[in-house]
Every structure is written in structure tokens, then in C-alpha cells.
There are 2 protein chains.
Amino acid sequence: MSGRAAAGQRLPTLEDVARVAGVSRATASRVINGIRNVDPQLHELVWEAVGRTGYVPNRLARSLVTRRTGTVALVVSDSETHDDDPFMGRFFADPYFGRVVGGLMSVLRRSGVQLALQIVGTDEQRTRLVGDLRNGQADGVIVLSLPAHDPLPRMLTEGEVPAVMIGRPADTVPINYVDLANDIGAALAADRLVGRGCQLIGMISGPVDVPASSDRISGFRRSMARRGHGWIPLASGNFTQASGEAAMCSLLTGHPGLDGVFVANDLMAVGALTALRAAGRRVPQDVAVVGFDDSSAALAASPPLTTVRHPLEDMAAESARLLLSRIDDASMRVSSVIYEPTLVIRESA
Amino acid sequence: MSGRAAAGQRLPTLEDVARVAGVSRATASRVINGIRNVDPQLHELVWEAVGRTGYVPNRLARSLVTRRTGTVALVVSDSETHDDDPFMGRFFADPYFGRVVGGLMSVLRRSGVQLALQIVGTDEQRTRLVGDLRNGQADGVIVLSLPAHDPLPRMLTEGEVPAVMIGRPADTVPINYVDLANDIGAALAADRLVGRGCQLIGMISGPVDVPASSDRISGFRRSMARRGHGWIPLASGNFTQASGEAAMCSLLTGHPGLDGVFVANDLMAVGALTALRAAGRRVPQDVAVVGFDDSSAALAASPPLTTVRHPLEDMAAESARLLLSRIDDASMRVSSVIYEPTLVIRESA
DNA sequence: TTGTACGCGTTATCAC
DNA sequence: GTGATAACGCGTACAA
């Protein structure tokens with residue numbers, strides 16, 4: 001078997017490999033890093049020594065000098081309600097997080113790039129993060145920004161950290177981002193609801209101060225207005241199933257005649273379905289429901305949700321590609337790519 | 001404002017701080033690392049210099065010498081069906097992954113420990129991973145092992161890498177792990193189904209060769225046998241909603257009289273619900289359904305699923321704690337902690 | 001083409 | 001208590 005070092009021993013270093021191969025450390029390094037200009041003879045010798053010693057390069061030491069880590073960070077920027085943050089649990093359990101990670105990994109994996117997870121809640125944590133990043137902790141970052149007014153995007157650009165946001169920043173700052181045309185998605189929902197003849201159509205929105213959410217609200221309102229619905233009942237939740245259920249209840253008591261509702265994400269839509277069932281309303285016969293995201297929850301719901309498809313995996317993958325090329329070419333101009341949502345018709349509307 | 005270095009410049013180093021403070025690098029280091037034995041005067045001076053220069057320690061350089069990274073890796077060990085792995089997409093979208101990450105972060109975050117994500121599919125990748133780990137790439141690892149016979153656990157113990165598995169290893173190897181008493185969970189399901197008077201009870205299992213899955217099968221069989229059901233119809237899926245639907249169909253055609261079914265996870269149970277509805281069976285009146293996991297899908301389903309609660313977040317959190325103390329004290333003996341599942345009664349059974 | 005020597009930013013071991 | 005100085009493991013000008 002290959003002579004890997006016994007456990008607990010000092011691990012073989014490049015120096016050891018060089019000694020075994022009978023060359024200088026520089027030559028060994030060249031061979032291992034695939035630099036041309038090396039005698040095929042020695043090339044052979046070095047690789048043999050690598051095998052015999054069980055050498056594996058120390059990434060830390062390498063990064064220290066190359067200033068490249070082969071790692072990108074996925075940073076979730078949150079507005080720390082409290083130290084014992086109940087929100088984070090919800091966030092990770094939400095299909096959203098997993099879809100993003102899956103999309104990112106699908107491209108990062110191919111490039112042998114690792115993903116490091118960073119959660120920052122306070123401004124102090126944000127400052128420290130940017131400091132670490134400038135120190136080369138990671139080659140770049142993908143940012144998931146939750147708070148309405150997050151200072152992080154600006155800090156990142158000022159620190160000249162290669163970064164790509166998933167979802168546009170609330171404040172206008174010159175940073176790369178990948179986003180969904182949320183307003184168009186909302187318009188699709190409006191089309192569907194009006195098109196099937198609904199007369200009194202309401203909406204359940206997410207927090208009104210986050211961009212993705214406000215875009216869906218304004219997009220829906222605008223499109224509905226264009227169709228003669230100048231005003232629509234609105235209730236807002238926080239993207240959780242429970243909040244969707246509560247919002248649906250309040251909407252129903254305020255407007256018993258409601259026969260259509262657009263819900264800003266699938267999780268809340270599932271909650272709305274529960275409330276409707278409890279109120280004795282059939283879906284879609286009595287009340288039509290359109291969700292948003294096309295997450296796994298949409299398909300699991302009963303009836304399966306008609307929903308606006310949010311190609312999160314693709315968007316995450318694209319953001320990873322964007323970041324990677326941005327890392328390779330620091331002079332790349334900031335860019336953004338906007339995805340068009342589509343409507344997935346199922347049974348709820 | 002604090003004089004942080006202009007972007008694009010060389011970042012301030014410990015050397016710079018020392019110069020500004022008028023002390024030696026060694027002293028600056030001591031102050032920053034909170035070592036006692038330093039003149040309060042200088043202490044003050046150094047911190048002032050830190051603020052003025054905007055210094056932030058370089059973690060890489062620090063790790064190189066301390067051999068501590070402040071990072072643990074979450075490694076997902078998979079059996080790479082193909083390079084274009086369709087499974088991974090499913091895996092990340094599954095609530096399972098998010099719940100684990102959430103649980104881990106809840107404790108790692110407090111200790112200021114970062115989480116790095118690692119996916120390994122081939123043995124070569126596994127070898128490289130262990131090499132990097134031994135080189136101090138991370139202080140330890142949390143392992144999510146998917147394949148039936150995964151060489152990784154053994155490789156980790158042989159490499160003396162601090163590690164904790166979530167879910168016991170298939171082959172017996174001396175490694176720390178946190179697991180659920182899957183057999184007991186299955187017994188709870190059997191109790192419920194038999195208890196409510198079901199006569200012909202089937203099961204939809206996961207892949208038969210992974211431990212968590214086989215434990216649920218054997219636990220269910222044993223408990224059913226003890227209640228006079230010496231044989232039960234079995235169909236197996238792969239933990240996805242679609243596979244659950246298919247399995248339910250096949251079960252139904254083979255055993256039209258089925259009036260109860262235990263499904264090895266909630267996602268498949270949701271699929272089963274769909275199949276039952278399509279077959280015109282009412283739940284739970286015609287067929288009672290018990291799921292497993294108590295994931296968000298259970299609550300979203302209709303009817304809401306009676307299911308075996310799998311406290312994944314708690315288990316992940318515990319595994320993180322275990323790993324942290326194992327890292328602190330290398331001599332700690334290998335240990336395992338088994339969680340007891342409970343039954344959550346909702347409407348499906 | 002190969003080897004020498006220096007630097008990456010820290011911490012740790014010594015003398016003082 | 002404090003300050004030189006040697007590691008840590010590696011890449012790479014520069015000289016040969």
C-alpha cells in the first residue's frame with residue numbers, strides 16, 4: 001500500500017517530498033502545480049515521492065502566499081432580532097435556503113470551490129466579516145440579504161470584495177446581483193385570477209419593506225389596476241405557513257365575499273389553504289389561490305398550488321458563475337441578471 | 001471615523017499595529033490575544049493602534065501556526081451516481097438538509113465557529129478530503145453519510161480527524177454519532193395503526209440498504225409481529241414525494257383492502273396521500289397514514305400528517321456540541337447519543 | 001531547466 | 001514584562 005504517514009505523526013510536507021525525490025523544494029512545487037519547464041524525468045520522480053509519502057498540499061499555507069483560498073462564502077445577512085434567534089430556524093427549514101445551496105453547489109463543485117456558510121446579525125459581525133474577507137478568508141461572497149436596509153452590500157463594495165447578491169439590494173449600491181422580475185410574476189398571478197373571473201381579489205404579502213416583497217405588491221397592484229381593480233384587500237405575513245393562515249383569516253373576516261387571492265409565497269399559501277378549508281371555502285371553486293415560488297410545498301399542497309415559478313436554483317447557479325468570473329477578472333463591470341418568472345398552472349387557480 | 005485602510009491598499013498587518021503603537025510585534029500579538037502579563041499602558045496603546053489602523057487579524061496566517069481554524073466542515077458523503085448528479089438537487093431541496101444546518105448553526109454560531117460545506121461523491125474526493133482535514137483545513141467534521149457502505153467514517157477515524165456522524169454508520173466503526181431510535185419510532189407508528197383498528201397494514205420504506213431506513217423497517221415488522229401481524233405488505237421508495245406516490249399505487253393494486261400504512265418519511269407520505277386521493281380513498285377513514293420526521297411537509301399536508309417526530313435540529317445541535325468538546329479534548333472517548341422519537345398525532349391517523 | 005533565498009502574517013520560544 | 005527570532009508550509013523572483 002502507499003506509505004501514507006501513520007496517524008498522529010507530523011504530516012509530510014513539500015520539503016519531505018523534495019527530499020525523497022532528491023530534488024529541491026522549488027522543483028517539487030513546480031511539478032505538483034503543473035508548471036511546465038520541468039524535466040519529465042524529475043516529474044516522474046516527484047509524483048512517485050508524493051505517492052510514497054502520502055503528501056497532500058496544505059491549503060492554508062498555499063493560500064497564505066497565493067492569496068487564493070478556493071472558497072466562496074455564502075453569507076446570510078440578518079437583522080438579529082435577539083440572540084436566541086427564532087427566525088433562523090425558520091429560515092433554514094424553509095425550502096428557500098436549500099434550493100439556493102443546491103444551485104450554488106451545482107456549479108461550485110465542478111470548479112472544486114468550497115462553500116463556507118456565514119451568518120451575520122449585528123453590524124459588528126458584519127464589520128468583522130468584511131475584514132476577514134479582505135484578508136482573503138474567502139475569494140468572494142454570495143449574499144443573501146434579509147433586512148430591509150442592510151449596510152452589508154455597501155460595505156462589501158467599499159471593501160472591494162468580489163460579491164454577488166441573490167435578490168437586489170434595497171438601497172441602490174453598485175453591486176452584482178441576480179434577481180427575479182417579481183413584479184412580472186405578480187402580474188401573471190393577477191392575469192390568472194382576473195382571467196378566471198374572480199371578482200373580489202385579495203393579496204397576502206410578505207414583509208412590506210423587503211424589496212422582493214414590495215415588488216410583488218406593487219406589481220400586483222399595478223396589474224390589477226390596469227384591469228379595473230383599483231383597490232385590493234391586503235394582509236401581510238412573514239413568509240411562514242402560520243402567518244399565511246392568520247392573514248387569510250383576517251382577510252376573510254374583513255371581506256367574506258373574497259373569491260380570489262394571490263399569496264406572496266407558497267408556504268403562506270399552504271397556510272391560507274388551511275384557513276380556507278376551516279372556513280368551509282372550497283379551492284378553487286369558492287376561492288382561487290395563486291402562490292409564489294413553486295417550491296416543493298406547492299406540489300405537496302392539496303389542492304396542488306397554481307404558482308409563480310421562481311427558478312431559484314438556476315439563479316443561484318448563475319450567481320455562482322458570475323462570482324467566479326468576477327473573481328478571475330477583477331476589472332469586470334458590475335452587472336445584474338434578471339430572470340423572468342412563469343406561471344405554473346395546477347389546481348388551486 | 002476610524003482610519004481603516006483605503007480599499008485596494010495593502011491591509012494593515014500586526015507589524016503595522018506594532019509600529020504605530022511603538023511596541024514589538026510580539027507585544028501587540030499578546031495584547032490582541034488577551035494574554036496577561038502586559039503593561040496596562042501598552043495594552044491601551046496597542047488597542048488604540050488597532051483602531052487607528054483598522055487592523056484585523058489574518059485568520060489564515062494565524063491558523064497556520066496555531067493549527068486551529070475555527071471552522072468545522074459539514075460533509076455530505078454521497079455515492080455519486082453520475083457527475084451530473086440529479087440526487088443532490090433533491091437532497092438540498094429536502095427539508096432534512098436545512099434542519100441539520102439550522103441545528104448546527106444554532107450552536108456553532110455562539111462559539112464563533114464557521115461551517116464549511118463539503119460534498120464528496122467519489123473515493124478520490126474522500127481521500128483528498130481526509131488529507132485536507134488532517135492538514136488542518138477544518139478542526140473537525142460533521143458527517144452526513146448517504147451511501148449504504150461508506151468508507152468515509154473509517155477513513156476519518158484512521159486519520160484521527162475529530163468527527164461526529166448524524167445517523168449511525170452502516171458498518172461498525174469507532175466513531176462518534178448521534179442517532180434516532182428509528183426502530184422505536186416505527187413501533188410507535190405500529191401502535192397507532194393497530195390501536196385504531198386497522199386490519200391490513202402496509203409500509204412504504206426508504207432504500208432498504210441504508211441504516212436509518214432498514215431500522216425503520218425491522219422496527220415496524222417486529223412491533224407488528226408482536227401484535228399478530230406476522231407479515232406486512234412492503235413497497236419501497238427513495239424518500240421523495242414522487243416515489244411515495246408510486247409506492248402507494250403499487251401497494252394499493254396489490255392489496256386493495258389496505259386500511260393503514262406507515263410511510264418512512266413525510267415527503268413520501270405526502271405522495272402517498274396524493275395516490276390515495278386519486279384512488280378515491282379517504283384519509284383516515286378508509287386508509288390511515290402515519291409519516292416519519294415531522295418535517296414542515298407534515299403540517300402542510302392535507303390532512304395534516306400524524307407522524308413520528310424526528311428531532312433533527314436538536315440532534316444536529318447535539319452533534320455540534322459533541323464535536324466541539326471532542327476538538328477541545330482529543331482524548332475524549334468515542335460516544336454516541338440516541339434520541340427517542342415521539343408520535344405527533346394530527347389527522348391522518 | 002534547476003536551486004537559493006525570501007516573503008506571506010502569525011504565534012511561540014527564548015533570552016533579557 | 002518585553003523584544004528578537006525561529007517556526008508554520010508554501011510559492012516564486014532571481015540567479016545560476
Side-chain angles (χ1 to χ4, degrees), chain A residues 5 9-47 49-50 53-71 131-139, chain B residues 5 9-47 49-50 53-71 131-139:
Chain A
Q9 297 295 321
R10 187 181 63 81
L11 265 49
T13 73
L14 188 55
E15 187 78 51
D16 298 322
V17 173
R19 184 160 358 89
V20 171
V23 300
S24 78
R25 206 181 59 206
T27 304
S29 174
R30 290 188 187 102
V31 169
I32 289 172
N33 291 355
I35 310 262
R36 302 165 307 284
N37 292 352
V38 321
D39 187 319
Q41 285 266 323
L42 300 186
H43 184 96
E44 192 76 10
L45 248 56
V46 170
W47 277 118
V50 167
T53 56
Y55 170 76
V56 31
N58 184 316
R59 302 187 58 159
L60 268 68
R62 179 179 282 179
S63 295
L64 189 56
V65 40
T66 61
R67 301 187 165 280
R68 273 298 190 88
T69 60
T71 295
D132 283 347
L133 255 18
R134 303 210 336 160
N135 265 333
Q137 170 85 335
D139 298 336
Chain B
Q9 298 295 320
R10 187 181 62 80
L11 263 50
T13 76
L14 189 55
E15 186 78 52
D16 298 324
V17 174
R19 185 162 356 93
V20 171
V23 300
S24 79
R25 206 177 55 206
T27 304
S29 176
R30 291 191 188 101
V31 170
I32 289 171
N33 291 356
I35 311 263
R36 300 166 308 283
N37 289 354
V38 334
D39 186 320
Q41 285 266 323
L42 299 187
H43 184 97
E44 192 77 10
L45 247 56
V46 170
W47 278 118
V50 167
T53 55
Y55 170 76
V56 31
N58 184 318
R59 303 187 57 157
L60 269 67
R62 177 179 286 178
S63 296
L64 189 56
V65 41
T66 59
R67 301 185 165 279
R68 275 298 189 88
T69 60
T71 296
D132 283 346
L133 254 20
R134 303 209 335 158
N135 264 332
Q137 170 84 333
D139 298 336

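Throughout, protein chains are lettered first and strands after them, A, B, ... in sequence-line order, and every chain is numbered starting at 1.
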(message) I want to verify a distance call: between C:dG9, D:dC10, D:dT2, whose nearest atom is closest to the B:D39 side chain?
(response) D:dT2
(request) Tell me which nucleotide among D:dG11, D:dA4, D:dG9 gets nearest to the side chain of B:R67. (result) D:dG9
(request) Could you check whether A:L64 gets within reach of a base, just the sugar-phosphate, or nothing at all, counting any heavy atom under 4.0 Å? (result) base
(request) Give a yes/no on whether any side-chain N or O of B:T13 is located under 4.0 angstrom from OP1 or OP2 of C:dG9. (result) no
(message) Need to verify one output field. Residue with the more 5' nearest nucleotide on DNA chain C, A:A61 or B:I35?
(response) A:A61
(message) Students often get this wrong, so: under 4.0 angstrom with heavy atoms, is A:V65 touching a base, only sugar-phosphate, or nothing?
(response) base
(message) Check the phosphate of C:dA5 against A:R25, side-chain N and O only, distance under 4.0 Å to OP1 or OP2. Yes or no?
(response) no
(request) May I have the distance from A:N135 (atom CG) to C:dC8 (atom P), rounded to whole angstrom? (result) 14 Å
(message) Measuring from the side chain of A:N33 (C-beta onward, heavy atoms only), which nucleotide among D:dC8, D:dT2, D:dG11 has the closest atom?
(response) D:dG11
(message) Within the 4.5 Å heavy-atom criterion, are B:L64 and A:L64 side-chain neighbours or not?
(response) yes
(message) Measuring to OP1 and OP2 of D:dG9, would you say a side-chain N or O of A:R59 lies under 4.0 angstrom away?
(response) no
(message) At 4.0 Å (heavy atoms only), tell me whether B:L60 reaches a base, stays on the sugar-phosphate, or touches nothing.
(response) nothing
(request) Using whole Å, report how far CG of B:L11 lies from C1' of C:dT10. (result) 15 Å
(request) Starting from the first five and the last five pairs of the helix from C:dT1-D:dA16 to C:dC16-D:dG1, work out the angle between the resulting helix axes, to 10 degrees. (result) 40°
(message) Here's a test of your reading of the structure: between B:P40 and A:E15, which maps to the more 5' nucleotide of DNA chain D?
(response) B:P40
(message) Can you confirm whether A:R134 sits close enough to B:N58 that some side-chain heavy atom of one is under 4.5 Å from a side-chain heavy atom of the other?
(response) no
(message) Would you say A:S29 places a side-chain N or O within less than 4.0 Å of OP1 or OP2 belonging to D:dG11?
(response) yes
(message) For a quick test of reading the model, state the closest non-hydrogen atom pair linking B:R59 to B:T69 and the distance between them.
(response) NH2-O, 3.0 Å
(message) Below the 4.0 Å mark, does D:dC8 have OP1 or OP2 next to a side-chain nitrogen or oxygen of A:N58?
(response) no
(message) If you compare all heavy atoms of A:S63 against all heavy atoms of B:L60, which two are closest, and at what distance to 0.1 Å?
(response) CB-CD2, 3.2 Å
(message) Nearest to the side chain of B:S24, heavy atoms from C-beta on, is which of D:dG9, C:dT4, D:dA4?
(response) D:dA4
(request) Would you indicate, yes or no, if D:dG11 has its OP1 or OP2 atom less than 4.0 angstrom from a side-chain nitrogen or oxygen of A:R62? (result) yes
(message) Between the side chains of B:D16 and B:R10, is the shortest nitrogen-to-carboxylate-oxygen separation below 4.0 Å, so that they form an ion pair?
(response) yes
(request) Give the rounded distance in Å between these two atoms: CG of B:L45 and P of D:dG1. (result) 18 Å
(request) Rounded off to whole Å, could you give me the CZ-to-C1' distance for the A:R19 and C:dG3 pair? (result) 16 Å
(request) Check if the side chain of A:R30 and the base of C:dG3 share a donor-acceptor pair of N or O atoms closer than 3.5 Å. (result) yes
(message) Nearest to the side chain of B:A26, heavy atoms from C-beta on, is which of C:dG3, C:dC8, D:dG3?
(response) D:dG3
(request) Would you tell me if any nitrogen or oxygen in the side chain of B:N37 comes within less than 4.0 Å of OP1 or OP2 on D:dT2? (result) no
(message) If I compare all heavy atoms of B:Y55 with all of B:L14, which pair ends up nearest, and what's the gap?
(response) CE1-N, 3.3 Å
(request) Side-chain contact test, heavy atoms from C-beta onward, threshold under 4.5 Å: evaluate it for B:I32 versus B:S29 and give yes or no. (result) no
(request) State, with a plain yes or no, whether a side-chain heavy atom of B:D139 is found less than 4.5 Å away from one of B:T71. (result) no
(request) Look at the side-chain N and O atoms of A:T27 and state whether any lies under 4.0 Å from the OP1 or OP2 oxygen of C:dT2. (result) no
